[in-house]
There are 2 protein chains.
Amino acid sequence: MRGEGRGRVKAIKQAIQERIGGGTYRPGERLPSERQLCLEFETSRVTLHEILIQLEAEGLIYREERRGWFVSPARFVYNPQARGHFALSALQQGRLPSTRVIDRQLVRPPARVLDLLDIPASTKMACIRRVRSIDGRAVLYVEHYFQAEVFPGLFEHDLSVSLTELYRDIYGFDYGRMKYQITPTAVSGDAAAALHVAGGSPALLVTRVNHGLNNGIRDCDFEYWRHDAILIEVDVPDA
Amino acid sequence: MRGEGRGRVKAIKQAIQERIGGGTYRPGERLPSERQLCLEFETSRVTLHEILIQLEAEGLIYREERRGWFVSPARFVYNPQARGHFALSALQQGRLPSTRVIDRQLVRPPARVLDLLDIPASTKMACIRRVRSIDGRAVLYVEHYFQAEVFPGLFEHDLSVSLTELYRDIYGFDYGRMKYQITPTAVSGDAAAALHVAGGSPALLVTRVNHGLNNGIRDCDFEYWRHDAILIEVDVPDA
DNA sequence: TAGTGGTCTAGACCACGCT
DNA sequence: GCGTGGTCTAGACCACTAC
């Protein structure tokens with residue numbers, strides 16, 4: 001259903017794009033219903049649906065499950081090298097951040113954590129799962145993993161704030177080097193649910209491994225970003 | 001057509017995933033035709049198509065226009081901070097790189113270049129467009145822009161190699177700081193054609209601004225990566 | 001030329017949201 | 001309870017690929 005398409009797909013898509021660009025449909029607003037757009041553009045629902053999915057892939061629109069299609073707000077600019085500044089950074093961009101803790105558990109490290117951290121499979125790990133929103137819209141689902149004994153009693157604190165600051169302020173812990181990976185994927189399961197997104201929707205996975213200043217590995221996290229909500233920006237100074 | 005789906009979508013998707021994971025369909029191999037899969041899984045083409053698009057979004061399969069669906073090979077690991085090492089890096093990963101120059105032109109800077117470079121709109125810019133492949137599969141479409149007068153006669157050289165090395169070896173030019181942005185988008189037009197991908201397919205756009213060592217801005221480029229072919233990995237040393 | 005993917009139609013039923 | 005999105009069917013024609 002893709003393609004530069006001889007058919008009407010291209011024309012309809014462009015018409016909708018122009019309405020978004022021209023302000024007929026404004027950021028955050030709902031589009032008319034699928035059936036309505038079908039009537040207007042004289043096409044079938046399957047075809048229209050395909051067009052909406054393409055616009056979703058471009059990051060122009062997004063959907064909330066069973067509620068409809070919405071025009072995407074401006075992207076959140078994110079620097080993965082600046083640790084723990086989600087809230088601050090959002091405020092600086094004139095956006096309203098919020099964080100919800102889904103749960104906290106003690107777990108055996110799952111396979112993908114073992115791949116990253118080079119620790120014994122028997123290590124007791126703490127796992128904190130959170131959802132972060134911008135202007136009321138969930139944009140990020142994160143799972144943090146760290147060795148439970150390193151930050152004893154952390155679960156007693158308010159975990160909706162910057163974990164980096166908690167580590168530093170309460171445990172006097174500072175970070176050293178880090179490694180991050182960025183992979184385009186699709187979300188499913190808990191991540192999809194937390195982001196109010198249909199399973200199979202495109203997303204950006206940012207995986208991070210943090211080392212303590214003494215070079216011991218301390219933690220890692222898995223960040224699933226709504227693909228239309230993020231723009232990664234990194235400044236690299238002179239070598 | 002998405003969703004955690006009560007229906008058969010989820011089951012069929014999982015069955016195909018298992019065939020890929022289990023080696024029934026191997027990396028680089030073509031899947032059976034859509035009609036064939038429809039028969040086997042007793043579903044319609046629209047439905048099956050939707051499933052294939054989801055698997056494409058996950059990066060498990062990709063398509064070549066009008067030729068069919070193929071199992072995605074392993075991702076190419078790319079460090080955007082290491083300039084000009086595409087070929088070397090590919091070889092180190094045991095992959096076979098190649099580069100094709102699409103064209104070279106003198107142009108007025110387009111809007112998005114002006115946004116990045118803070119130069120007068122009348123500046124004469126050189127634009128080089130290239131496609132880079134891994135193991136014979138086009139994975140990257142790049143447009144390089146730089147001020148024409150800085151590297152006079154560059155067009156006479158072989159442009160299928162590392163431009164960074166050309167700058168250094170022939171003009172004694174070395175880079176200083178840089179800035180890069182990463183945006184999930186969709187490709188269309190020339191980029192889609194160069195990647196042999198249908199317009200509207202998801203892709204990762206890496207935008208880079210390079211400064212010379214004397215801090216003068218020198219060039220920028222726009223890299224469109226096939227979304228299933230890339231894994232960005234960056235190491236950040238101690239501060 | 002046969003078979004493929006690409007596009008499109010005109011229906012249908014279900015589960016959920018909203019009011 | 002109505003309207004919505006989510007899912008699904010069973011066809012169709014076209015353009016291109018591979019042979």
Side-chain angles (χ1 to χ4, degrees), chain A residues 1-16 25 29-57 61-71 137 186-188 192-193 195-202, chain B residues 1-16 25 29-57 61-71 186-188 192-193 195-201:
Chain A
M1 307 294 173
R2 296 271 172 72
E4 225 54 65
R6 309 282 159 275
R8 290 211 288 296
V9 166
K10 202 180 169 183
I12 298 175
K13 198 171 139 187
Q14 199 172 329
I16 298 179
Y25 306 148
E29 256 181 39
R30 231 195 88 197
L31 297 187
S33 80
E34 292 187 7
R35 278 169 247 253
Q36 182 123 8
L37 289 170
C38 285
L39 281 176
E40 192 181 341
F41 291 111
E42 293 181 305
T43 187
S44 70
R45 275 194 65 204
V46 174
T47 303
L48 187 87
H49 208 266
E50 203 52 41
I51 292 167
L52 294 174
I53 286 179
Q54 284 191 33
L55 293 171
E56 184 194 37
I61 62 177
Y62 68 98
R63 44 178 155 171
E64 293 182 14
E65 280 250 55
R66 300 207 113 86
R67 294 202 344 106
W69 296 86
F70 297 76
V71 179
R137 175 183 171 221
V187 277
S188 61
L195 294 175
H196 305 298
V197 145
S201 300
Chain B
M1 307 289 178
R2 297 269 171 74
E4 225 56 62
R6 309 282 159 274
R8 288 210 290 295
V9 166
K10 201 179 170 185
I12 298 174
K13 198 172 141 188
Q14 199 172 329
I16 298 179
Y25 306 148
E29 255 182 41
R30 233 196 87 196
L31 297 187
S33 79
E34 291 187 8
R35 277 169 247 252
Q36 182 124 8
L37 289 169
C38 284
L39 279 177
E40 192 181 341
F41 291 111
E42 293 181 305
T43 187
S44 70
R45 276 195 64 204
V46 175
T47 302
L48 186 87
H49 207 267
E50 202 52 42
I51 292 168
L52 294 174
I53 286 179
Q54 285 191 35
L55 293 171
E56 183 193 38
I61 61 177
Y62 69 98
R63 45 179 155 171
E64 293 182 14
E65 279 250 54
R66 294 194 174 278
R67 293 202 343 107
W69 297 86
F70 297 76
V71 179
V187 279
S188 61
L195 295 175
H196 305 298
V197 144
S201 301

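All values derive from a computational prediction rather than experimental measurement. Quick note on labels: first sequence line is chain A, next is B, and so on, each numbered from 1.
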Legend entry - Phosphate-side-chain proximity, His49(A) and dG5(D), N/O vs OP1/OP2 below 4.0 Å: no
Inset, instruction - Would you indicate whether the side-chain heavy atoms of Phe41(A) and Lys13(A) approach each other to under 4.5 Å? - result: no
Inset, instruction - Under 3.5 Å for both distances, Watson-Crick or G-U wobble, that's the pair rule; now give the dot-bracket for DNA chain D, with | marking pairs to another strand and [ ] for crossing ones. - result: ||||||||||||||||||.
Inset, instruction - Take atom CG of Leu52(B) and atom P of dG6(C), then tell me their distance rounded to the nearest Å. - result: 10 Å
Legend entry - Partner residues of Tyr62(A) under the ring pair (Phe, Tyr, Trp, His ring centres under 6.0 Å) criterion, sequence neighbours left out: Phe70(A)
Inset, instruction - Give Glu42(A) one of three labels, base, sugar-phosphate or nothing, depending on what nucleic acid heavy atoms sit under 4.0 Å from its own. - result: sugar-phosphate
Inset, instruction - Please report, rounded to the nearest Å, how far the P atom of dC8(D) is from the NZ atom of Lys10(B). - result: 12 Å
Inset, instruction - In whole angstrom, give the distance that lies between atom CD of Gln54(B) and atom C1' of dG6(D). - result: 11 Å
Inset, instruction - Provide, to the nearest angstrom, the distance between the CG atom belonging to Leu48(B) and the P atom belonging to dT4(C). - result: 13 Å
Legend entry - Contacts of type side chain to side chain contact (heavy atoms under 4.5 Å, CB included), residue Arg66(A), not counting sequence neighbours: none
Inset, instruction - Nearest whole angstrom, please: distance from the P of dG6(D) to the NE2 of His196(A). - result: 15 Å
Legend entry - Test side-chain hydrogen bond (donor to acceptor under 3.5 Å, both in side chains) applied to Glu64(B) - qualifying residues, sequence neighbours left out: Arg67(B)
Inset, instruction - Report the residues that fulfil side chain to side chain contact (heavy atoms under 4.5 Å, CB included) with Glu29(B), sequence neighbours left out, ordered by chain and then residue number. - result: Arg26(B)
Inset, instruction - Under 4.0 Å between any heavy atoms, over every strand shown, what does Thr47(A) touch: base, sugar-phosphate, or nothing? Just pick one. - result: base
Legend entry - Least distance between heavy atoms, Ala198(A) atom then Ser201(A) atom: O-OG, 2.7 Å
Inset, instruction - Go through the steps for Arg63(B) and Arg30(B) under the test side-chain contact (heavy atoms from CB on, under 4.5 Å), then give the verdict. - result: CA-CA 9 Å; Arg63(B) 45 179 155 171; Arg30(B) 233 196 87 196; over 6 Å; no
Legend entry - Distance in angstrom units between Ile51(A) CD1 and dC8(C) C1', rounded: 10 Å
Inset, instruction - Specify the separation, in whole Å, of atom CD of Gln36(A) and atom C1' of dG3(D). - result: 11 Å
Under 3.5 Å, N/O pairs linking protein and nucleotides 10-12 of chain D:
none

Pairs under 3.5 angstrom, nitrogen or oxygen only, protein versus nucleotides 17-19 of chain D, please.
{"from": "dA18(D)", "atom 1": "OP1", "to": "Arg67(B)", "atom 2": "NH1", "distance (Å)": "2.5"}

Inset, instruction - Check the pair Glu50(A) / Val9(A) against side-chain contact (heavy atoms from CB on, under 4.5 Å), numbers first and verdict last. - result: CA-CA 8 Å; Glu50(A) 203 52 41; Val9(A) 166; 6.0 Å; no
Legend entry - Residues forming a side-chain hydrogen bond (donor to acceptor under 3.5 Å, both in side chains) with Tyr25(A), sequence neighbours excluded: Arg19(A)
Inset, instruction - Supply the atom-to-atom distance Ile61(B) CD1 to Gln54(B) CD, rounded to the nearest 0.5 angstrom. - result: 10.5 Å
Legend entry - Phosphate-side-chain proximity, Ser33(B) and dG3(C), N/O vs OP1/OP2 below 4.0 Å: no
Inset, instruction - Just jot down the side-chain hydrogen bond (donor to acceptor under 3.5 Å, both in side chains) partners of Thr47(B), sequence neighbours excluded, or say none. - result: Ser44(B)
Legend entry - Within-4.5 Å side-chain heavy-atom neighbours: Ile51(B) and Leu37(B): no
Inset, instruction - Calculate the interatomic distance between Trp69(A) atom CH2 and dG17(C) atom C1'; express it in whole Å. - result: 17 Å
